[in-house]
Structures are given as structure tokens and as C-alpha cells.
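Working notes, beginning with the structure itself.
Atoms within a ligand are numbered from 1 in the order they appear, just like the ligands themselves.
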Amino acid sequence: MNQKLPIHIAIIMDGNGRWAADRNLPRIAGHRAGVDAVRRVVEDCTRFKIPYLTLFAFSTENWNRPQSEVGGLMVLLDQYLKKELRTLMKNNVRLSTIGQIDDLPANVRQTLRDVVEQSAVNDGLNLTLALSYSGRDDILEAVRRVATAVQKGDLTPDAIEPDTFSSFLHTDGMPDPDLLIRTSGEQRISNFLLWQIAYTEFYVTDKLWPDFESVDLLDAIKVFNSRERRFGKTSEQIRGEDT
Ligand code: FPP
């Protein structure tokens with residue numbers, strides 16, 4: 001691909017429920033089709049050599065869904081991790097998580113631990129699953145930890161720079177997303193990465209998540225390439241830096 005690739009793509013995978021409703025199927029069937037789309041996008045990012053992919057798989061607010069749907073999603077997550085481990089290893093994918101992992105059922109936590117541990121040797125795509133994740137909680141937790149460090153005398157208030165603060169977030173060590181994709185036409189952040197998306201380019205598609213294909217990812221990357229990222233500077237300044 002003769003294009004500048006984003007280093008970090010983040011995705012809000014929305015529309016599984018609508019995909020199922022369009023087919024008179026139960027919502028969980030939409031989530032199952034959503035898992036197939038996850039498999040596709042992970043393979044595509046591996047193929048395109050994207051260094052970081054972060055997927056919003058379950059928000060803290062999603063716990064409020066009917067218990068049967070939450071339970072079904074946990075089963076799907078567990079199955080995906082178990083079934084996919086060999087492929088993740090073959091494709092050199094390193095799995096990590098952000099979010100309140102302690103909130104997840106014990107069996108899912110164990111499966112996650114196994115896959116995270118085994119895939120830690122890989123140095124290809126960094127796949128991060130946001131599970132029981134809330135952008136506001138991420139920031140609040142970081143604020144509490146920063147306050148504790150200041151209280152202990154390990155940090156002075158003057159030394160709290162943006163990079164210092166970033167290192168207290170769940171995404172410590174990851175570059176901020178360059179491109180945020182949201183499917184199913186909704187134009188909101190839904191408490192996903194908040195601090196981290198300060199300069200992220202958005203791409204919203206009407207496609208429902210289970211219908212998201214390689215061509216859609218390529219289109220998102222094409223649109224990303226057509227944008228001029230100015231980071232608060234003028235066009236002239238940016239063009240001057242290019243030459
Ligand atoms: C949003 O669709 C999707 C979710 C809340 C869950 C996303 C989960 C998956 C794609 C499957 C499990 C993930 C992995 C990583 C194996 P929605 O149900 O809100 O759709 P709707 O807005 O049309 O109702």
C-alpha cells in the first residue's frame with residue numbers, strides 16, 4: 001500500500017444489535033458476527049503492518065445490558081481468545097488489555113491472562129482489547145495515582161507534564177491513536193479513550209460492525225491520508241516541515 005499508515009488505529013465496534021435486528025435474529029447473533037469482523041480486522045492490521053490496534057469490546061456501561069446479553073458476550077470473548085490463540089501466535093500478535101479486568105468473570109480473566117502471557121513474546125501487531133473500560137475512570141484513576149505520588153513526595157506538581165500524566169493511564173507505553181473508526185453512523189465517543197484522542201482523526205462509517213470488511217479499513221486509511229494533521233499549527237507551517 002503506497003500510503004502513510006496510521007501507527008495506532010482504535011475502533012468503536014458499534015451496530016451488532018442492529019445487524020441482528022435487521023435479520024430477525026437475537027442480539028447475540030449480531031455479536032457472534034461481530035467476532036468474525038474482529039478476526040478480519042486483526043488479520044488485516046497484521047497484513048498491513050499496523051503497529052497498534054485497540055478495540056472497544058466492552059464498556060463499563062455495557063454491564064447495564066440484560067444479563068443474558070452480558071453473559072453471552074463473555075462466552076464469546078472467552079471462545080474467541082481460546083480459538084484464536086494459535087492464529088495470534090502464528091501472526092506474531094501481542095495481546096494486552098485496558099479497563100477494569102477484575103470486573104470480568106474468573107474464567108475470562110484466566111483465559112486473558114494465558115493469552116497475554118503467551119503472546120508477550122510477540123513483536124508484531126499490538127492488539128489491545130478495552131474491556132470494562134471507561135475513559136473517565138481511566139483519567140480519574142490516573143489522577144488518584146498522581147495525587148498519591150505527589151503526597152508521597154515521588155512527584156512534584158510542576159513535573160506533571162502531558163507525557164507524565166499519560167504514563168499513569170491504562171494506555172501507558174502506547175502511542176495515542178492516529179485514527180479512530182466508529183461503525184454504524186453514530187457520531188460520539190461513548191466514554192472511550194478521552195485523553196488519548198486529543199489529536200486523533202475520526203472516521204465514521206454507516207456500515208454496521210459485522211459488515212465491516214477489508215475495503216472499509218482501506219477506505220478509512222485512505223481518508224486518514226487525505227487529512228492534513230496540523231496539531232494546532234497552520235497549513236503553511238506543516239508544509240514547511242514536510243520539505
Ligand atoms: C456494540 O454493538 C458492540 C458491543 C457492545 C460489543 C462488541 C463486541 C464484539 C464485537 C464481540 C466480542 C469482542 C471480541 C474482542 C471477541 P451494539 O450491541 O451496541 O449494537 P447496536 O447499537 O446496534 O444495538
Look at ligand 1 and say whether Val35 reaches it with a heavy atom at a distance under 4.0 Å.
->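 Within the 4.0 Å threshold, so yes.
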
Would you call the rings of Phe56 and Tyr133 parallel, tilted or perpendicular if under 30° counts as parallel and over 60° as perpendicular?
-> perpendicular

So with a 6.0 Å cut-off around CD of Glu236, is the heavy-atom count from everything else above 12?
->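 Yes, the 6.0 Å shell around CD holds more than 12 heavy atoms from other groups.
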
Under 3.5 Å, N or O to N or O, is [X] touching ligand 1 that way?
| X | answer |
| --- | --- |
| Arg18 | yes |
| Trp19 | no |
| Gly17 | yes |
| Gly15 | yes |

Using heavy-atom distances, let me know which of Asn16, Thr183, Ile12 sits nearest atom 10 (C) of ligand 1.
->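 Ranked by closest heavy atom to atom 10 (C) of ligand 1, first place is Asn16.
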
Nearest heavy atom to atom 4 (C) of ligand 1: which of His31, Glu186, Arg27 does it belong to?
->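 Looking at heavy atoms only, the winner is His31.
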
Of the side chain and backbone of Met74, name the one, both, or neither that has a heavy atom under 4.0 Å from an atom of ligand 1.
-> neither

At a non-hydrogen distance cut-off of under 4.0 Å, which region of Asn62 contacts ligand 1 (side chain, backbone, both, or neither)?
->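 The side chain, only.
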
Atoms of ligand 1 close to Met13 [distance to a heavy atom under 4.0 angstrom, numbered from 1] =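 It comes down to these atoms of ligand 1: 1 (C), 2 (O), 3 (C), 10 (C).
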
Considering only heavy atoms of Tyr80, which atoms of ligand 1 have at least one such atom less than 4.0 Å away?
->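 Under 4.0 Å from Tyr80, ligand 1 has these atoms: 16 (C).
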
Is there side-chain contact between Ile189 and Phe202, with at least one heavy-atom pair below 4.5 Å?
-> yes

Given side chains that start at C-beta, do those of Trp209 and Val41 come closer than 4.5 Å, heavy atoms only?
-> yes

Go through the steps for Asp44 and Arg40 under the test salt bridge (Lys or Arg N to Asp or Glu O under 4.0 Å), then give the verdict.
-> CA-CA 6 Å; Asp44 287 342; Arg40 281 197 300 271; over 6 Å; no

